[in-house]
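Contents: one structure, followed by commentary.
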Amino acid sequence: VETGLIVGCIVHVGILLYTSSSPALLVEHHATHTLLPPQYSLFFPSVDHIRGEINTAVSTSGNTLPVVIDMTLVKDIDYTAAKGLCALVKDLKKIMTINIVCTDKDVSHVLSSVYGTDLELSTSIDDAVKVTAV
């Protein structure tokens, strides 16, 4: 019985580690923009996965469409994930228009403290699309 509990716990921890290291990122190509909504909270193990997914989505959409990263489903983010995301946004802003939608106050605070005061966060996808269209 004890062996089964230990094996079950180890399998469960493995599943938790996998889901936290590779969160789902949907890619929606619209006529006016490309929408990238991460589906879970972002933590240290997911930094490389998210960067790779966003880079792949941006390269397939081309540099003509603005990109909107929709963080409304992200309820928590750690410093390392925010640092990686902000570095990616800074790199992408050199070659294209990119905007972040964030409604969670804590996530907004972490992103703003890592990125700096010049980070523009929108509160809805419609606002982000309007900002990117201007």
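In what follows, every heavy atom counts, from backbone to side chain, and hydrogens, waters and symmetry copies are set aside. Only a predicted model underlies this, so the values are computations on that prediction, with no experimental measurement involved.
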Side-chain heavy atoms under 4.5 Å apart, restricted to Ile/Leu/Val/Met/Phe/Trp/Tyr: what other residues fall into the cluster of [X], or is it alone?
| X | value |
| --- | --- |
| Ile10 | Ile6 |
| Val47 | none |
| Val11 | Val7, Ile15 |
| Leu17 | Val13 |

Are the side chain of [X] and the backbone N or O of [Y] linked by a donor-acceptor pair below 3.5 Å?
| X | Y | value |
| --- | --- | --- |
| Thr97 | Pro66 | no |
| Ser46 | Leu42 | no |
| Asp78 | Phe44 | yes |

At their closest point, which heavy atom of [X] faces which heavy atom of [Y], and how far apart are they?
| X | Y | answer |
| --- | --- | --- |
| His33 | Val68 | CD2-CG2, 4.2 Å |
| Val129 | Thr32 | CG1-OG1, 4.1 Å |
| Arg51 | Gly84 | NH1-O, 3.0 Å |
| Ile69 | Ile54 | CD1-CD1, 4.1 Å |
| Lys83 | Val114 | CA-CG1, 3.6 Å |
| Ala31 | Leu65 | O-CD2, 3.5 Å |

Reported CG-to-NE2 distance for the pair Leu35 and His29, which is rounded to 0.5 angstrom: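 Taking CG in Leu35 and NE2 in His29, the distance rounds to 10.5 Å.
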
Gap between atom CG of Leu88 and atom CG of Asn55 - 0.5 Å precision: 5.0 Å

[X]: side chain to side chain contact (heavy atoms under 4.5 Å, CB included) partners, not counting sequence neighbours:
| X | result |
| --- | --- |
| Pro45 | Ser20, Ser21, Phe43 |
| Asp48 | none |
| Ser22 | Tyr18, His49 |
| Lys90 | Tyr115 |

Looking at residues at least two apart in the chain, or sitting in another chain, which of them share a side chain to side chain donor-acceptor pair (under 3.5 Å) with [X]?
| X | answer |
| --- | --- |
| Ser122 | Asn99 |
| Asp70 | Thr72 |
| Ser124 | Asp127 |
| Glu28 | His30 |

Could you tell me whether the side chain of [Y] reaches within less than 4.5 Å of the side chain of [X], counting heavy atoms only?
| X | Y | value |
| --- | --- | --- |
| Val67 | Leu92 | no |
| Leu36 | Leu25 | yes |
| Lys93 | Asp91 | no |
| Leu111 | Ile77 | yes |
| Pro38 | Met71 | yes |
| Thr34 | Val58 | no |
| Lys75 | Ser41 | yes |

Residues Asp106, Asp76; criterion side-chain contact (heavy atoms from CB on, under 4.5 Å); working and verdict: CA-CA 7 Å; Asp106 295 331; Asp76 197 16; 5.8 Å; no

Verify same cluster id: Leu73, Ile100 (apolar side-chain graph, 4.5 Å): no

Cluster link Val110 to Leu119, ILVMFWY, side chain under 4.5 Å: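 Result: yes, single cluster for both.
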
